[in-house]
Structures are given as C-alpha cells and as structure tokens.
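What you see below is based on every heavy atom in this structure, not just the backbone, and it leaves out hydrogens, waters and symmetry mates. Read the numbers this way: they start at 1 and go in the same order the structure lists the ligands and their atoms.
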Amino acid sequence: MSASTDDLKSELKELRRQIEHHNHLYHQQDSPGIPDQEFDRLFDRLLKLEKEHPELAEPDSPSQRVGSEPLSGFTQVEHKIPMLSLEKAFDAESIDKFETRLFKRLPPNLSQIEYSCEPKIDGVAVSLRYEKGILVQAATRGDGKTGEDITHNVKTIQDIPLRLTGKGFPDVLEVRGEIFMSKSGFTRMNNAALKKEEKTFVNPRNAAAGTLRQLDSRITALRPLTMFCYSLGDVSMTLPTRLSEVFELLDTWGLPVNPIRQVVEGAEACFNYCELLLSKRNELDYEIDGAVLKVNNFALQETLGINTRTPRWAIAYKFPAEEVSTTLNDVEFQVGRTGAITPVARLEPVFVGGVTVSNATLHNVDEILRLDIKIGDTVIIRRAGDVIPKVVKVILEQRPDNANDIVVPTHCPVCQSEIEQVENEVLIRCSGGLYCKAQRTQSIIHFASRGAMDIDGLGVKLIEQLVSADLIKNVADIYQLKLEQLAGLERMAEKSATKLLAAIENSKTISLQRFIYALGIREVGEATALALAKHKGSLQAIMQTSIENLIEIPDIGEIMAQHIVSFFAEQHNLSVIEALLKAGVKPSELEVSGDEELPLAGLTYVVTGTLELMGRSEAKQYLQQLGAKVAGSVSAKTSCVIAGPGAGSKLVKAEEFGVNIINEEDFVSLLTQHGITV
Ligand code: IVH
C-alpha cells in the first residue's frame, strides 16, 4: 500500500473521530465545541474524500447518518420520509450554476423557473405529525431517518397549534420546520439567568436546542420558543401545484409560516432576495444564517429528485458567519482619556460578519474571569451587524499546554502609576491623571476634536508625535507651539504647519459649551456641557458652583456633579485653564436660561423592545440630556417611539396613533448629530 493511501486513511480516521466527537457535544450535550462553520468544513472535507475514494468509505462513517444517536431518555421516531439537508451556495455564481444544473434536468421547453425563497432560520429542525387535525407527535431531525420524540416539549410552544384550524386539512399531515428562540427572548432569558447566577446559553440556537432536549417540559414551557414551517413530510392528500400554495394552506390551518418568504423567477431574482434579506438580517428578531431557494413547482421537484441526502431542487445561500473561532495571541491593556483601563484581545486575524477582525474588546477584568480565558486559547468571536466584535466563548478542550494566564497589571502600562479599582465598579483605572502620557494624549485628542475645539489638522497621529516629543504636555501647550517646532516634525511641511497654526489661532474664539466639553470632565458630554453653559452663563460661574447647585440642573445627577466639582478643585486643571485663558482662548458668555433650548426640549419619547448598543435606562438618560421627556406608554401625544427587536404592543399603538417610529440605528445617528457618541 502506498504511503499516500496510508495518509488518506489516517486523515479520514481522524476526521471521522473529530466529527463524531463534535456531533456528540452538539447533539447530546447541547454544548458545541466548535462553530458551525468549522464543523461544516470538517464535514465537507470528509464528504469530498469519501467521494474521491469510494473504496475507503465506511458503513459507520458520520457521513452516513448526519447527527448523532438520540439520548436514551427520549423515544426514537422513524421518519417515514427522510428529513433532508441542503447543498450550499456562497455567491451569485453558485446560484447561477445551481439553476444551470436544474435546466439540464428539466424539459427543454421550460424558459423560466419559479422559486420559493425563504429565510434560513438558525434553529432546530423538527417534524410535527397531525392526525385528523390533532398534534400527535413531534420529533427532532436526528440523523434524518430517526429522530427523538419531543412531543411533550413541543406541546408547550404557544405558536404551534395542538389542533389545526380552518378546513380541508388531510387526515395525516406531517409538517416540517425550524423551532427557534427569538433574539429578544434569548436576551431576556439570559439576563434572568445571570441575575440568578445560573448558566447562560451562548446563542439562541443552542438555547433552543437545549430547551427542546429538556426531559421536564415544565421548564420548556417557561422558555420563549417558536417555529416557522417550511416543508411537508408524509401527507394523505393530493398536494396543490406549488409550495407557495402549501404555505398559504398551512397558514389557514393555523401553522406558523414565515411572512417574509417570496416567490420569484430566475436565479438573478433569487440572488436579489438573498441580498435584501442580508440587509434586513439585523432587524429581524430571530437569527438567520442564509436564505433557502426552492423550486416552487412540485412536479418539477419530482422530476429533479434527490441526491443521497440533499434535494436537487433546493439550495441554501449562506451568509457570512457571525461567529467564528480564532486564536487569542495576546491581551493588551489600553488606557483611555479618563484613565479607565480596558483589556483588548489581540487575535489571529479572522473573517467574521463580513470583515476581517484582529481585535476584540474584553470589556473589563470581570469578563476575563467569566470567560476563563488564557493567551493561546481558541476563542469564538461574534460580530453581528456593525456591533463591536466580542469574545463569546473559550473552547476549553482546545487549550494548548503552553496557554498563559492573563496578567492583570498592578501599574499603568503607560506611566507605571498605581492602578486603582473603583469601589462598586468593575473598571480599573490608572491613578496617574494627566501625568500619564496615554491619558494626556487621549485628553488632547478629545480637546482638539470636531465637537470640542475643532482644530483642523491637529489629528491623532500628530498629537501622538507632539506628546512623545514632549512638545506638548497639556492642552494649553497647543497654544505655545511655534512654526519651527512644527515644521521640524516628520511629514509636516511648512505650508501645513502654517495652516495648523492658523487653525489653532482660530479656535481661540469658542462657545462656552464647546470649551466645557473640550476640557474632558468625566461623564460631561456635549449635552451636559450645553446644560451647564445655559444654566450658569460663564466659565467662572461653572467653576465656582457646588454639588447642591449642580444637581438642581435637570439630568445632572450626584455622581456627575461630583466629577465636575472635583475637576475644578484639582490644582493642575486650574493651572491649565488659566494658561488657556492667558494664551487668548476666550469662551463666550451666555444668557442664563432654562431647558427649553435643548435640542429635544418639549418632545416626548418612548423606548420599547431590546436595544443592542445600550440599555434602556442608558437610552433614557441620553434622551433626557437632550431635553426630551421619556414616557412609559404610547399616547397620541408621544412625539417618537424608539423600537428595538421584540417591540410589542407599544409599537402597534404607535402605528395606530401615527407616531414617528425610529430604530436603534436612527436613534444612534440622532445622538451623534447632537454630539453624543454611544
Ligand atoms: S428546507 C428538503 N427551509 O436548514 C428541504 N430548511 O441544511 C430541507 N432550515 O436541516 C430543508 N430554514 O434545519 C429548509 N426555510 C428553510 C429552512 C431550513 C432553516 C434548516 C433545516 C435543515 C437545514 C438544511
């Protein structure tokens, strides 16, 4: 036997072992060891090798049965008609090729193919059996031929009828579909579990799978599961001509079908549907990992037939994965403007959610402990939509022997000052204040930025150069810069140096609120700076005010008031302000007035559903900062409703009253417009 056959045999053996192992983790333990994408890769490799070398096929290869043995606690159910899987496509070209293959097998006079396009739900495939309209059995897909009886659990799902409604349903109706957990339901359930210090689920699909495998259906009943039906199994009736007509019938019988399905003609229209769906992916309250494109006409489906485990008449168009695994190469601790130190994961670059990611936030030290993460670990990264990438899980079983503990610094990585852990806060902070170059650099970047002093040409790179060359130590030093100093810097010609000095000069005339904002007082954003300017009128008045006085200003709470007062009590800050004024910076004075001039004054907002980038109380705080009132219920007087996924009756009411409705993205741009960055 040649060495290469030996190599192949051992590769196949290893692939089968790994797939069996991960199948077991996924199906029996409900705790996947690797992301789906990686599992698919292993599986695809196995299929390819077995196809190329049929002589090496094994009757017990995982390719023969897809999935794993049912748990002993559940009864097995034979699927009279097997539950198939789908071939995959990742681009427009593969959809074209799919259609070309169809045309080859279909009558030559057929000019156009009609498709039923549906979201590919990321949940658990099940088969429901109705006899004389009564739900008699529900089973998981299992290996496609044999699944597990989960009737007791499925009966607890509100959206699934125990008895069919309407007329004309057959004596036997087997309907297949996906059971899943909504994103909002998942967040709610996990938050509740966190509060009770119970185990949380990694994602909605695992939550749905774990829930369906509960032996105690009373637990299932408490979990927010739902279903969309997408195909039929054993059915004792003559079917209509098309799948789209079946969906309409299922709907009249009370079975849940996906409302965003669509009938289109031709491969190009299929691809357009996929693109449209991808653009809506993050607005949906359930997870989808692609679109399923099916030949709509049953007679054509029949002609096309099936391959071993996939129908020839359907294809799954897969979206870029939102969760992938990669290696944690290092963890760096970054110092922000206010001294907060954040751990940042440096990753082996990986393509996730449509972009290449090499950094992810680890939020804080508690998160490191919660994840039990070490350098060298294989980690699962999630990036959905434009949300900042984060580490969701560590694959402990892939931990290398030489994995290193993450050492939380006791001293600031930039200025070596001691680190303080603030009471009741998970954050650690550098105690160096403006002595710390990192904080200094960040505070100067903030000072010069657009919403603050808006010094054109004084960007991040230049500020870093100026600080490291010790040309500026604090924001007042900006006004002492000389042409020769600037022109001597790397990539700085005399012309741009002259332009920069003019911009610096220009910034001296500034509104009071921008000046206050530019100082970078902790938690004082643009809206608070504006409120301070309006209520106090002058820099002197703001500097001399007391905590008691400050908290009388709407939306300035005690903590923020404390930050303001301690900022102006700090000698270093006073000298910087004095130097700024001496250099000619002149914050304008304002007429003292109330709240009515805040941008959202007089408007009433309602927040409903789940927001991804902030909590509802945070959203409320932002709105109040901008002068809006925040109400708990919708009425005709409501000015605007901010609706996240899972918004229910409030959204319906808002629609009834014709109230303006915006989503989180619109809200974030409204905030950005008014200088609040989330
Ligand atoms: S059709 C013969 N439609 O995707 C038809 N499947 O890889 C087979 N899935 O196991 C399935 N949404 O769990 C179909 N709208 C949809 C689907 C869908 C999700 C899942 C299903 C299946 C897997 C196929």
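Contact annotation: the side chain of Ile157 approaches that of Ile160 to within less than 4.5 Å [non-hydrogen atoms, C-beta and beyond]. Side-chain contact between Asp171 and Glu131 is absent, with no heavy-atom pair separated by less than 4.5 Å.
By the criterion of a heavy-atom distance under 4.0 Å, the side chain of Val292, and not its backbone, is placed next to ligand 1. Residue contacts with ligand 1 for Lys120 involve both N, CA, C or O and side-chain atoms from C-beta outward (heavy atoms, distance under 4.0 Å). With a heavy-atom cut-off of 4.0 Å, Met83 does not touch ligand 1 at all.
Of the protein's heavy atoms, Tyr230 CD2, 3.3 Å lies nearest to atom 16 (C) of ligand 1. Counting protein heavy atoms only, atom 13 (O) of ligand 1 is closest to Glu178 OE1, 2.6 Å. Of the protein's non-hydrogen atoms, the one nearest atom 15 (N) of ligand 1 is Glu118 OE1, 2.9 Å.
Counted by atom type alone, Asp149 and Thr75 present zero donor-acceptor pairs between their side chains at under 3.5 Å.
Every residue meeting the salt bridge (Lys or Arg N to Asp or Glu O under 4.0 Å) condition with Glu174, not counting sequence neighbours, appears here in chain and number order: Arg129, Arg176. Scanning for side-chain hydrogen bond (donor to acceptor under 3.5 Å, both in side chains) contacts around Arg45 gives Glu11, with sequence neighbours left out.
Which parts of ligand 1 touch Leu86 is read off a 4.0 Å heavy-atom cut-off, strictly below it: atoms 6 (N), 7 (O), 24 (C). Residue contact check: Pro119 has heavy atoms under 4.0 Å from atoms 12 (N), 15 (N) of ligand 1. Close approach of ligand 1 to Trp313 is summarised as follows: ligand atoms under 4.0 Å from at least one heavy atom of the residue are 2 (C). When each atom of ligand 1 is checked for a heavy atom of Pro311 under 4.0 Å away, the hits are 2 (C).
At under 3.5 Å, not a single nitrogen or oxygen of Ser231, backbone or side chain, sits near a nitrogen or oxygen of ligand 1.
The aromatic rings of Tyr317 and Phe319 lie perpendicular to each other, with more than 60° between the two planes, well past the 30° mark. Phe228 and Tyr286 have perpendicular rings, their planes meeting at more than 60° on a 0 to 90° scale where under 30° would count as parallel.
The closest approach between Phe180 and ligand 1 stays at or above 4.0 Å for every heavy atom of the residue.
The closest non-hydrogen atom to atom 3 (N) of ligand 1, taken over Arg176, Lys294, Arg261, comes from Lys294.
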Can you list the steps and then say if Arg41 with Glu38 is a salt bridge (Lys or Arg N to Asp or Glu O under 4.0 Å)? CA-CA 5 Å; Arg41 198 181 54 75; Glu38 208 129 309; 5.0 Å; no
